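Here the structure comes first, spelled out in structure tokens, and everything after it is commentary.
No experiment lies behind these values; they were computed from the predicted model shown. Residue numbers count from 1 along this sequence. Whatever order the structure lists ligands and atoms in, that order sets their numbers, starting from 1.
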Amino acid sequence: MPSHQSPFVKSSDDTPDVEPADLVLEERKQAAVYCLKQVNEPTLRSNIVELGMVRNLRVVDSYVYLRLYVGVHQLSLKEQVQTALGALKWCKKAYVEICTIPGVRTTLAISSGKGGVGKSTTAVNLAAALKRTGASVGLLDADIYGPNVPQMLGLAHSAVEVIETDAGERFQPLEAHGIKVMSVGLLAAPEHPLAWRGPVLHKIITQFIQEVAWGELDYLLIDLPPGTGDAQITIIQESPICGVVMVTTPQQVAVSDVRRSIHMFRQVGVPVLGLVENMSYLICECCGNRTSIFGSGGGEQMAQELAVPLLGEVPIDSKICHGSDTGQPLPLRDETAQLSIVFEAIAQGLNNTFCSNPRLVSQSL
Ligand code: ADP
């Protein structure tokens, strides 16, 4: 074939040639996946492949390359991975790159199919509920389309400082009610949209995830942008997210968008922990009766269809807005409010699943 042949000219034989070498590599990759599935994470009682911790797996000749996305308490899994892959006779060396957020144990994402369903409200109230269980919590507002977490926590006009650490320059997170907070909104001029695109967006998000001095955290909650675009995928791929909490409302439109988002998470291998149905019902202040003003059963139906648990049904509560203005989330102001009770139950469920810290688990039993 002449070397200047157009890449658009079809070859006479349309059937793609599969080189025997490719087949060998594919078989080796499958064998590597089999070995990796033998490595279990003890607290989560599942293997590291199912948990979405193994990514970018490649086999080149007799070498295996992979990234292992873990919390700071799971670094010893690297050695177990090396041992498991050592069982492959053809494998001369396995290169395992650890990807973690310094100081952070469990990273969870809060997501939604579309905007306005209460994703940030859920992130803020869940962070507060986790804080109430005694956990150390950080909240990363990565919603580039509507970063309103600082406002909800009363930090809207705060300036972010850059500090010098042993690892280089880092953003110093702000703190509200004992929750550490960082937001893309704090990096832009107020009232200006964040018009980042393509490689710039990718670079900024990656830096943003890696370059915050969180200190020691039990949980880092990431408030994702809504939907399934570039920004979401970059954040998911670049961070050690252990699971996603999907927020929806009972309305059908939100419900069909959430279906798309859940498929996206499954495609990239990140476990979906469950659904939160926000604005499920209104409680009458006089008689305590519940009214499902946006219809009922959407979350339940979606949870069944997609085989994910329904983590909670959050009522509409006008006090949430007062809290948003003063910056104090409802679970920290009124633990008896139905909304606080729902978030406390979700927080306890997360502690029971993710926390090997007996202090938090025993409190939540
Ligand atoms: P998203 O992050 O999905 O765009 P927000 O969390 O910003 O949505 O919520 C949108 C608006 O709805 C906010 O004004 C918020 O205070 C209000 N809101 C959200 N959930 C509730 C709720 N359960 N009860 C009352 N108001 C709510």
Side-chain angles (χ1 to χ4, degrees), residues 108-129 139-156 176 179 181-186 193-194 221-229 231-232 235 244-262 275-285 290-296 298-299 302 310-347:
L108 302 175
I110 317 296
S111 183
S112 67
K114 63 168 199 162
V117 299
K119 174 179 53 61
S120 302
T121 304
T122 300
V124 164
N125 285 285
L126 187 54
L139 181 49
L140 179 68
D141 175 13
D143 186 349
I144 52 164
Y145 308 120
N148 51 12
V149 165
Q151 199 174 353
M152 289 180 172
L153 288 167
L155 296 169
I179 301 165
V181 183
M182 187 64 205
S183 168
V184 276
L186 298 169
L194 296 165
L221 304 188
I222 303 184
D223 184 11
L224 289 181
T228 52
Q232 291 82 335
I235 298 166
V244 181
V245 173
M246 285 297 303
V247 183
T248 183
T249 65
Q251 288 155 296
Q252 201 55 43
V253 186
V255 161
S256 69
D257 286 332
V258 90
R259 189 180 282 121
R260 253 196 302 279
S261 290
I262 287 184
L275 284 184
V276 169
E277 188 185 76
N278 188 33
M279 308 194 208
S280 269
Y281 52 91
L282 182 71
I283 303 173
C284 173
E285 284 183 16
R290 293 181 178 195
T291 314
S292 305
I293 51 177
F294 295 127
S296 64
M302 173 71 33
L310 183 62
L311 300 175
E313 293 173 306
V314 180
I316 298 168
D317 192 325
S318 60
K319 291 194 289 297
I320 223 171
C321 303
H322 307 154
S324 297
D325 293 343
T326 58
Q328 194 173 24
L330 198 51
L332 299 177
R333 267 183 300 142
D334 179 3
E335 64 190 78
T336 61
Q338 181 58 23
L339 183 140
S340 307
I341 293 168
V342 173
F343 278 109
E344 192 189 320
I346 299 173

Legend entry - Side-chain donor/acceptor of K319 to backbone N/O of L330, under 3.5 Å: no
Inset, instruction - Would you sort out whether Q338 and R290 count as a side chain to side chain contact (heavy atoms under 4.5 Å, CB included), showing the intermediate values? - result: CA-CA 11 Å; Q338 181 58 23; R290 293 181 178 195; 3.6 Å; yes
Inset, instruction - Can you measure from CZ (R259) to OG1 (T248) and round to the nearest 0.5 angstrom? - result: 10.0 Å
Inset, instruction - With heavy atoms only and a cut-off of under 4.0 Å, state how Q151 meets ligand 1: side chain, backbone, both or neither. - result: neither
Legend entry - Interatomic distance, Y281 atom OH to T291 atom OG1 [nearest 0.5 angstrom]: 11.5 Å
Legend entry - Backbone or side-chain N or O of N148 under 3.5 Å from ligand 1 N or O: yes
Inset, instruction - List for me each residue that meets side-chain hydrogen bond (donor to acceptor under 3.5 Å, both in side chains) alongside N278, sequence neighbours excluded, and say none if there are none. - result: none
Inset, instruction - Have a look at ligand 1 and work out which part of N278, if any, has a heavy atom under 4.0 Å from it: side chain, backbone, both or neither. - result: side chain
Legend entry - Polar proximity ligand 1 side, P315 side, N/O cut 3.5 Å exclusive: yes
Inset, instruction - Check each of V117, V276, T121 against atom 19 (C) of ligand 1 and report the one with the nearest heavy atom. - result: T121
Legend entry - Min N/O separation G115 to ligand 1 under 3.5 Å: no
Legend entry - Within-cut-off N or O pair, G118 and ligand 1, under 3.5 Å: yes
Inset, instruction - Could you tell me the separation between the CG atom of L186 and the CG atom of D141, rounded to the nearest 0.5 Å? - result: 8.0 Å
Legend entry - Enumerated ligand 1 atoms positioned under 4.0 Å from heavy atoms of G116: 1 (P), 3 (O), 4 (O), 8 (O)
Legend entry - Side-chain (S340) to main-chain (D334) donor-acceptor, under 3.5 angstrom: yes
Inset, instruction - Kindly confirm or rule out an N or O of T122 lying under 3.5 angstrom from an N or O of ligand 1. - result: no
Inset, instruction - Check each atom of ligand 1 against the heavy atoms of K119 and keep those under 4.0 Å away; list them by number with element. - result: 1 (P), 2 (O), 3 (O), 6 (O), 8 (O)
Legend entry - Sub-3.5 Å N/O-N/O distance, D143 and ligand 1: no
Legend entry - Of the listed options S112, S318, S120, closest to atom 2 (O) of ligand 1 (non-hydrogen atoms): S120
Inset, instruction - Without swapping roles, check the side chain of Q151 against the backbone of A156 for a donor-acceptor pair under 3.5 Å. - result: no
